[in-house]
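Predicted, not measured: the structure shown is a model, and the values here were computed from it. We count residues from 1, following the sequence as given.
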Amino acid sequence: LDVEYHSPAITEYLTVSNGHFYSRVGDTISVAGGTMSVSGGEFAKDATEVRQTTSPNPTATAPENGAAIHITGGTLTVDGGGNKIPFNISGSGVAGIWSAGAGSVTVSDATFTFNNYYDSNNLINSKIQTDGGESGEYNTFGICAAGGTVTATDCDFYMFDSYARGIYA
């Protein structure tokens, strides 16, 4: 789903209140400008079959394999209202939420679970794979912001390897 607001008015927004949102490579939901509100649903990124091959620069470029929610220069509010909204993150070069520009991200009542996966060579898939082997760079994020503000309350982060970051801003 790709939404772009060129001249957003107060009433132009995208609301997600339920559903299952899944993707492997690329952004599952992408919003440019405007406002996005999430009050329910389940989000999953599974890039276990596609390994990130370039060094990440999360303050300049989006994760190579995308995010469950990507917002550019707008406002994102995720609020489960007492029920945790799950983000399941698997693979390398992925994020639960990625924000760019001078927008704002506010997340309440969410759970970010980073799933380990070992390939046939026993290499953990959240590491960057290069011709010279694996690098130990961080490249998997729960919430990643390149500019703007991030506020997170009542969120749980389950990180099972050392190559993930819960919040990077």
Side-chain angles (χ1 to χ4, degrees), residues 1-5 12-52 56 58 62-101 103-119 124-127 138-146 148-169:
L1 177 62
D2 189 8
V3 179
E4 184 173 347
Y5 297 109
E12 292 184 320
Y13 55 89
L14 174 64
T15 300
V16 174
S17 60
N18 199 358
H20 301 279
F21 301 90
Y22 170 88
S23 68
R24 291 181 184 230
V25 177
D27 297 321
T28 310
I29 299 173
S30 179
V31 176
T35 299
M36 180 176 177
S37 173
V38 178
S39 61
E42 297 177 15
F43 299 86
K45 284 294 298 173
D46 183 358
T48 54
E49 301 298 321
V50 183
R51 191 182 286 271
Q52 179 166 339
E64 188 173 319
N65 292 323
I69 298 174
H70 176 186
I71 188 158
T72 303
T75 301
L76 171 65
T77 302
V78 177
D79 189 346
N83 297 311
K84 298 287 186 177
I85 296 174
F87 287 82
N88 289 298
I89 304 161
S90 303
S92 62
V94 292
I97 297 170
W98 191 73
S99 172
S104 67
V105 175
T106 303
V107 182
S108 299
D109 293 320
T111 299
F112 296 85
T113 303
F114 298 80
N115 302 297
N116 271 351
Y117 171 82
Y118 291 87
D119 66 15
I124 194 166
N125 76 328
S126 63
K127 292 183 182 179
Y138 296 98
N139 69 336
T140 303
F141 307 94
I143 302 170
C144 184
T149 60
V150 174
T151 304
T153 56
D154 296 322
C155 293
D156 301 319
F157 295 87
Y158 299 101
M159 303 180 335
F160 302 105
D161 73 46
S162 57
Y163 299 97
R165 288 191 174 167
I167 299 174
Y168 186 84

- Item | Rounded distance (nearest 0.5 Å) linking atom CD1 of I71 with atom OG of S30 | 9.0 Å

- Message: Tell me whether D109 contacts the main-chain N or O of G82 through its side chain, where contact means a donor paired with an acceptor under 3.5 Å.
- Response: yes

- Message: Using 30° and 60° as the class boundaries, would you call the ring planes of Y168 and F141 parallel, tilted or perpendicular?
- Response: tilted

- Taking atom CZ of F87 and atom OH of Y158, what is their separation to the nearest 0.5 Å? 15.0 Å

- Item | K45 and S23 side chains, donor-acceptor separation under 3.5 Å | yes

- Close side-chain approach of T75 and M36, heavy atoms under 4.5 Å: no

- Distance only, no hydrogens: is a donor on one side chain within 3.5 Å (strictly under) of an acceptor on the other, for T153 and S108? yes

- Non-hydrogen atoms of I85 and D79 that approach each other most closely: CD1-C, 4.0 Å

- Contact summary for T28 and A44, nearest pair of heavy atoms: OG1-O, 4.3 Å

- What one should report as the nearest heavy-atom pair of P86 and E42 is CG-CG, 3.6 Å

- Message: For D154, is there any backbone N or O sitting under 3.5 Å from a side-chain donor or acceptor partner on K84?
- Response: yes

- Closest heavy-atom pair and its distance - A67, W98: CB-CB, 3.9 Å

- Message: Counting C-beta onward and ignoring hydrogens, is there a side-chain heavy-atom pair between L76 and I69 closer than 4.5 Å?
- Response: yes

- Query: Considering all heavy atoms of both residues, which atom of F43 and which atom of A68 are nearest to each other, and what is their separation?
  - Reply: CB-CB, 4.0 Å

- Smallest separation among heavy atoms of I89 and F112, with atom names: CD1-CD2, 4.2 Å

- Note on the structure: Here the gap from I143 atom CD1 to R165 atom CZ, rounded to the nearest 0.5 Å, amounts to 14.5 Å

- Item | 4.5 Å side-chain heavy-atom contact, V105 and T149 | no

- Message: Let me confirm one number: the CD1-SG distance from I97 to C144, rounded to the nearest 0.5 Å.
- Response: 11.0 Å

- Answer yes or no: is there a donor N or O on one side and an acceptor on the other, between the side chain of D27 and the main chain of I29, under 3.5 Å? no

